[in-house]
Amino acid sequence: MNYHQILTDITKKVQTLSDRGTSASYIPELASIDVNKFGVYLKPIDKKGCGVGDFDEKFSIQSIAKVFLLIKAYKIKGKESWTRVGYEPSGDPFNSLVQLETENGIPRNPLINAGAIVVCDILLDLLPNPKQDFLQFVRKLAVNDAINYNEKIVASEAATGFTNIAIANLIKSYGNLNNKVDDVLDLYFHVCAIEMSCQELSKSFLLFANGGIIPETNERILSLSRTKRVNAIMQTCGFYDEAGEFAFKVGLPGKSGVGGGIVAIHPEKYAIAVWSPKLNKKGNSYKGMKLLELLTTETDSSIF
Ligand code: GLN
């Protein structure tokens, strides 16, 4: 399979579409990004990767980092992780508060904001230096020490994150946060403000395509069974109330972020990351979704 040729062709097709999305202006620092940026990088498990466009430029990975949060907690707590957060799709927007009230402060899954906020609380109890330890973990997955938080984006989101502040307070009122709301949100905003390029992001997700092992270092991060479970959660919850649409049109487990990034994996084959800042109404990259749909359609290959 000549992936470079395929990516070049489908990028051209996607670039001819009029981009109907808008960037995530509710985080002021993200609103200033050039919305014409476009990058894609595909990394096969055992071959060199290839990319097109701005694949080497770092962007804010936002909610994509919720997958790293989840596996950090899952590695330490195992099945006990599921007592304070569920694994069912929410069918609601990523920042919804609605189910929290009817479900006693137990978020539906770890890939919506409420769920990731609870996982941050779990990690605050488990890690001696939560922000530094978490960043080290992501650097290990990416096999790259040049991964960092963008403090400007942390500050921007902290200043305007009223919905997340409300979510955390509601969860706290149900007794499902042990730590102070401010401390939990400080970790959450940092996690969302990790920056990576498409090239770095695809590499850091390769373990999910490789049965839980980082191919470059041969280190096992998750068992086969847990890898299956995390991939299942990405498939059913990774795109919030558009998870069905992504499964229907793309057919790969994946995760999006409001920075305009999407990462998806094809088990035993590759990880792919795409970046295009304009988002559709559900908060997922408009052109990123289109590109992945074209990839699996034109290569006749998905998990289904
Ligand atoms: N930091 C963003 C928020 O909490 C993440 C949302 C996302 O990427 N979907 O609103």
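Hydrogens, waters and symmetry mates are skipped; everything else that's a heavy atom, side chains included, is used. Worth saying up front: this structure is predicted, and the values here are computed from it rather than measured. In this chain, residues are counted from 1 in sequence order. In each ligand, atom 1 is the first atom listed, and ligand 1 is the first ligand listed.
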Practice item. Answer with yes or no whether Y188 contacts ligand 1, where contact means a heavy atom under 4.0 Å from a ligand atom. Key: yes
Below 3.5 Å, N or O to N or O, backbone or side chain included: is there any such pair between [X] and ligand 1?
X: N164; answer: yes
X: V258; answer: yes
X: N113; answer: yes

Exercise for review: Check the pair N280 / E242 against side chain to side chain donor-acceptor pair (under 3.5 Å), numbers first and verdict last.
Suggested key: CA-CA 10 Å; N280 65 20; E242 209 169 36; 2.9 Å; yes
Exercise for review: Give a yes/no verdict on a cation-pi contact between R229 and Y87, requiring under 6.0 Å between NZ or CZ and the six-membered ring centre and an angle within 45° of the axis.
Suggested key: no
Practice item. Below 4.0 angstrom from a heavy atom of G257, which ligand 1 atoms are there? Numbered from 1 as shown, please. Key: 8 (O)
Check your understanding: When rounded to the nearest 0.5 angstrom, what distance separates OH in Y41 from CG in D54?
Key -> 14.5 Å
Exercise for review: Would you give the length of the straight line joining atom CD1 of I106 to atom CD of Q99, rounded to the nearest 0.5 angstrom?
Suggested key: 12.5 Å
Measure the distance from [atom] to every protein heavy atom, then report the residue, atom name and distance (to 0.1 Å) of the closest one.
atom: atom 10 (O) of ligand 1; value: Y26 OH, 2.5 Å
atom: atom 1 (N) of ligand 1; value: Q62 OE1, 2.5 Å
atom: atom 3 (C) of ligand 1; value: E157 OE2, 3.0 Å
atom: atom 8 (O) of ligand 1; value: S63 OG, 2.6 Å

Point to revise | Contact partition for C192 relative to ligand 1, non-hydrogen atoms under 4.0 Å | key: side chain
**Study point:** Side chain, backbone, both or neither: Y240 near ligand 1, heavy atoms under 4.0 Å
**Key:** side chain
Practice item. Run the numbers on I153 and F189 for side chain to side chain contact (heavy atoms under 4.5 Å, CB included), then give the verdict. Key: CA-CA 8 Å; I153 293 184; F189 292 143; over 6 Å; no
Review point. What about the rings of F68 and F205, do their centers lie closer together than 6.0 Å?
Key: yes
Check your understanding: Can M234 be reached from I303 by stepping across I, L, V, M, F, W or Y side chains whose heavy atoms are under 4.5 Å apart?
Key -> no
Check your understanding: Less than 4.0 Å between a side-chain N and a carboxylate O, is that true for E298 and K13?
Key -> yes
